[in-house]
Amino acid sequence: MAVQAPAAPAPARPLVSGASVRNLIRRPETGALIGTVSVFVFFAIFGGQQFLSSGGTASWLNVAAELGIIAIPVGLLMIAGELDLSVGSVLASSSMTLAIVSGHYGAPMIIGIGAAIALGLLTGFLNGVLVTATNVPSFVVTLATNFGLAGLTLGFSRVITGTTSVAIEPGSPDKELFGTLLADKFEVAVFWWIGVAVVVGWMLHVSRFGNWIFAVGGDTVSARATGISVRNVKIGLFMGSALGAALVGVIQTILYNSAQVANGQSFVFNSIIAVVIGGVLLTGGYGSVVGVVLGTLTFAIVQQGIYYTGWESDWASFILGILLLAAVLMNNTFRRMALSSSTKKKA
Amino acid sequence: MTEPLLKLNAVCKSFGTTDVLSDVSLEVRAGEVLCLLGDNGAGKSTLIKILSGFHEPSSGTMEAGGKKVCFKSPRDASSHGIATVHQFGGTFPLMSIGRSFFVGAEPLKGLWPLRRFDRKLANSIAVREMQALGITRITDGDRLVGGLSGGERQALAIGRAVHFGANVLILDEPTAALGVKEAAHVLRLIMQARQKGIAVVLVTHNVTHAMTVGDHFAVLIRGALAADFHKGERTREEITDLMAGGEAMAELEAEIEAYQLAHHGHTPEPAELERLTHDPSGP
């Protein structure tokens, strides 16, 4: 990629002038930033005024917000070396739980939302316990949870309500809090996303817990040897990703005034794509919240930007596929540079 | 002599029906380098895993500072001042030096809901400890561990153990993957640790390295303690013989000698030697 060229000679440069460039390329989000800026410029050129208008901005920002709320905790989990493929069903089940408890039975919203979040946390806890107790790869465990929970959601919905789609009429504070459109365009979810990014960013990069996450993902055996409870860290992170999915379930239900059992499955792979584009290493131990936020933006811009170009939207997935591959290759290059820039520096 | 820091009494370990260690008794003393020698599969790794709390012995007892102990986890062992450093330093390649130095024991600053990792302090301590071990080119604690050389990683891990007050330092093949200069540096680190009164358990199959720094040697053969002696009590050849299972090496030497007699003093060609070593009557 042409954009990469200016950064490339950095490691060879003399110590002083190269220091800031070196610091930059050592950051896991550098590649992700280049990706986001590139796709934005690309669609700004080909999408024109429509893409740059507030309506165009809202269309990708809304997609990014919902995806981001899930992608950030999923990214954390991936930094710790695990995957979560169950977010799709967690979203659907939380969504249905809220609609059934507060819509079908008419219980207060707070109870419905509480039940939805609790169900998400419970699923995450089960994922964590199963993965840590059995040592079965999380790919398989959460894939199984995704299917199992999808079945339970469908089954219970039919038994209880007789349908697969339940309507709900959220009242005053809840509608504003979770599901209004600001300026008729921007979802409140955008603020939830920012909130999640700030809190999780603090957790990963500033708090002590963040260090444990990197350690668990970097080398589980060494992490255990230093006395970290690998099990608790992982269970906590599985609960985190499920919490993110449940929150989006609640947001969607309140925003659209209904819940459907088939909601949310697109988030399973989209969240992983966003995280990987964001520079998180699939094998764990490396990544950043800023990177995941940028990866999510890149994903959303490509997915929505295509509509503004006037081309067939069928090509969006193709571009995403290429982008994913390019992102991984570029991130590998940056990671290598981050490592080699340390060795070449001689005192 | 003073009380040993760590003592094994007739420790056995079996996995299923396989006996990996049988009846091993050892003493680890402060300010002494104990070299644990043995061929691959002799049980060295299992023995140090017992010392560092990863495994519990099947039978036999352990004493730390004269008191009977039972390590259920690596954490138990480290609370008794036992630190283990693995071949590659047991560190995290994509973490910064400061962060990986303090994994599991992070310095914090600030008040509760905002308590945070003190990066500056962590970096400065990590860099200081590494410089104290002679790694002077490291001045920036934000650098990634993966950019360090093998010897530097060992220094990081040893510095970490010393900083957290380890009194028994177990080094698992620290020199195996290193070049000559780097290995010499690690041996110097071992001497430095010993001078501070730390007991070092050095696992190696490099006899030269062991002879350079060792005070006390233990040779394991097929899970049993074949020899336990102090510096100067055995020659290098005797130790090499012991490690190779003794008789196996002696047999090969005898065969070469016989070959030389039969071939007017010529040593066997490589191909011929290969045939000799793979002789069915051999090991």
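From a predicted model like this one, the values you see are computed outputs, not experimental measurements.
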May I ask you to check whether over 12 heavy atoms, not counting those of [X], lie within 6.0 Å of atom [atom1]?
| X | atom1 | result |
| --- | --- | --- |
| F125(A) | CZ | no |
| K120(B) | NZ | no |
| L111(B) | CG | no |
| R75(B) | CZ | no |
| I194(A) | CD1 | yes |

Value rounded to 0.5 Å, distance of CG in L94(B) from CD1 in I79(A):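 Here the rounded value is 11.0 Å.
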
Find the distance between CD1 (I228(A)) and CD (E106(B)) and round it off to the nearest 0.5 Å.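 If we round to the nearest 0.5 Å, I228(A):CD1 and E106(B):CD are 6.0 Å apart.
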
After noting the C-alpha distance and the side-chain angles of F214(A) and V103(B), does the key distance pass the side-chain contact (heavy atoms from CB on, under 4.5 Å) rule? CA-CA 9 Å; F214(A) 282 116; V103(B) 163; over 6 Å; no

Contacting region of R119(B) [heavy-atom separation from chain A under 4.5 Å]: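 Neither part, no heavy atoms under 4.5 Å.
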
F164(B) versus chain A, heavy atoms under 4.5 Å apart: side chain, backbone, both or neither?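 Answer is neither: F164(B) stays 4.5 Å or more from chain A.
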
Under a 3.5 Å distance rule, please check whether N211(A) uses its side chain to pair with a backbone N or O of R99(B) as donor and acceptor.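 Here the side-chain-to-backbone pair exists.
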
